Amino acid sequence: MSSFKFMLACSIKTLKIIKSNANVIYVTKRTFLVPRLPLFKRADGKCVTLGRQSSSTATSADKAEDSFLKWLLLLIPISTFGLGTWQVKRRQWKLQLIADLRSLTTAEPIPLPIDPLELNHLEFRRVKTRGRYDHSKEMYILPRSPVDPEKEAREAGQLSSSGETGANIVTPFYCTDLGITILVNRGYVPKRRIRPETRTKGQVEEEVEVVGVVRLTEQRKPFVPQNDVERNRWHFRDLEAMAQVSGAETIFIDADLASTIPGGPIGGQTRVTLRNEHIQYIMTWYGLCAATSYMWYAKFIKKIVMK
């Protein structure tokens, strides 16, 4: 009995010592003893407790993190608004470029210059010359579909197909007024009329006047096949190679619709309608700007107002 009293007294004394050096936390009828954090004195004599941050310090840290996230996410609507505005400027530029090309292809024709340096600055400019075709050296650029300028302007930016394919007939043309041979894209023929014997009526021998637009050499685009010179199958306009095969100068014009000879290729096959999808881009970027702006407002501004 005396030993039990001794043990009880020691336990009570030990508990008092622990309580004096610890914080007591009561959670669901259970008692937890948390050691008190050591105190350190500063130079001015005040005590400083080292340990975990207080709730006010943690709250300040959370507020700083939220503030950083708030301004970081604001960059999204700002960026999309800037991209939408940039597309507005791009659309204006594209429309002006299309208008300039159309004015060049509808302007009064000028005599065909023969200076290569001058021609390099005259692409899409209307020119005129007189001479005779050499049908024995025809070349075929294929596959091609007929150009309908009104339809292309109406369906600009859409994936569409006329459903008809054929070739553009390129023929050496001796200019009697200049004394040189050039290359003329006479126009489009359907696949069944590519062979010259199927369009003998249009294979004129007499001198004619040709009005057309100046075209420069064309770079091969991705996925476009290489030109097959041996089989006379051309897939893009390579003036150097065409001139070498035909013996002509590196001068190339697309004959206009008015230069079409009855029974021959249909002229006016110059594509001047540029792809214009900027309205879709404008709607996309401004739509994203509106959506992300509302989300940002609901997350960071509306919440503060409601408080």
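Side-chain atoms are counted along with the backbone in the values below, which use heavy atoms only and exclude waters and symmetry mates. Throughout, residue positions are numbered sequentially from 1 according to the sequence presented. Here the structure is a predicted model, which means the values were calculated and not measured.
Scored by the ring-ring contact (aromatic ring centres under 6.0 Å, His included) test, Trp296 finds Phe300 as partners (sequence neighbours excluded). Qualifying side-chain hydrogen bond (donor to acceptor under 3.5 Å, both in side chains) partners for Thr176, counting only residues two or more places apart in sequence or in other chains: Glu207. Legend: residues meeting salt bridge (charged side-chain N to carboxylate O under 4.0 Å, His left out) with Arg193, ordered by chain and number and at least two apart, are absent. Residues forming a side-chain hydrogen bond (donor to acceptor under 3.5 Å, both in side chains) with Arg195 (at least two apart in sequence, or on another chain): Glu197. A search for salt bridge (charged side-chain N to carboxylate O under 4.0 Å, His left out) contacts involving Arg126 returns Asp256, not counting sequence neighbours. Every residue meeting the side-chain hydrogen bond (donor to acceptor under 3.5 Å, both in side chains) condition with Tyr281, not counting sequence neighbours, appears here in chain and number order: Glu277. Partners of Phe173 under the ring-ring contact (aromatic ring centres under 6.0 Å, His included) rule, at least two apart in sequence or in another chain, are Tyr133. For the salt bridge (charged side-chain N to carboxylate O under 4.0 Å, His left out) test, residues two or more places apart in sequence or in another chain that qualify with Glu138 are Arg199.
For residues 72-101, the set of pairs meeting the ring-ring contact (aromatic ring centres under 6.0 Å, His included) definition, not counting sequence neighbours, comprises Phe81-Tyr286. Residue pairs meeting the salt bridge (Lys or Arg N to Asp or Glu O under 4.0 Å) criterion with at least one partner in residues 84-93, sequence neighbours excluded, do not occur; the list is empty. Annotation: salt bridge (Lys or Arg N to Asp or Glu O under 4.0 Å) contacts involving residues 231-246, sequence neighbours excluded, comprise Glu218-Arg237, Asp228-Arg231. For residues 109-122, there are no side chain to side chain donor-acceptor pair (under 3.5 Å) pairs, not counting sequence neighbours.
Hydrophobic clustering (ILVMFWY, side-chain heavy atoms < 4.5 Å, transitive): Leu74 and Ile76 are in one cluster. Both Val214 and Leu178 are assigned to one and the same hydrophobic cluster, defined by single-linkage of ILVMFWY side chains at heavy-atom distances under 4.5 Å. Note on Leu216: it does not cluster hydrophobically with Phe124, by side-chain heavy-atom contacts below 4.5 Å among ILVMFWY residues. Put simply, Trp285 and Met295 are part of two different groups of oily side chains (I, L, V, M, F, W, Y) that touch within less than 4.5 Å, one to the next. Both Val245 and Val170 sit in one connected hydrophobic cluster of ILVMFWY residues. Membership requires side-chain heavy atoms under 4.5 Å apart, directly or through other members.
Between Ser246 and Leu183, the shortest heavy-atom distance links the atoms OG-CD2, 3.4 Å. Across Asp134 and Ser136, no two heavy atoms sit closer than the pair OD1-OG, 2.6 Å. Between Leu95 and Asn276, the shortest heavy-atom distance links the atoms CD2-ND2, 3.5 Å. Heavy-atom minimum distance, Arg144 versus Tyr188: O-CE1, 3.3 Å.
Under the 4.0 Å criterion applied to side-chain N and carboxylate O atoms, Arg132 and Glu206 are not assigned as salt-bridge partners. Salt bridge status for Arg130 with Asp177: absent, with no side-chain N to carboxylate O gap under 4.0 Å.
Other residues, nucleotides and ligands place more than 12 heavy atoms under 6.0 Å from the CG atom of Leu83.
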Inset, instruction - Any chance you could lay out the side chain to side chain contact (heavy atoms under 4.5 Å, CB included) test for Thr171 and Val184, step after step, and finish with the verdict? - result: CA-CA 5 Å; Thr171 308; Val184 176; 5.6 Å; no
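Distance alone, capped at 3.5 Å, places no donor-acceptor pair between the His235 side chain and the Ile141 backbone.
Exactly one residue among Ile182, Val213, Thr270 makes a side-chain contact (heavy atoms from CB on, under 4.5 Å) with Ile253. That residue is Ile182.
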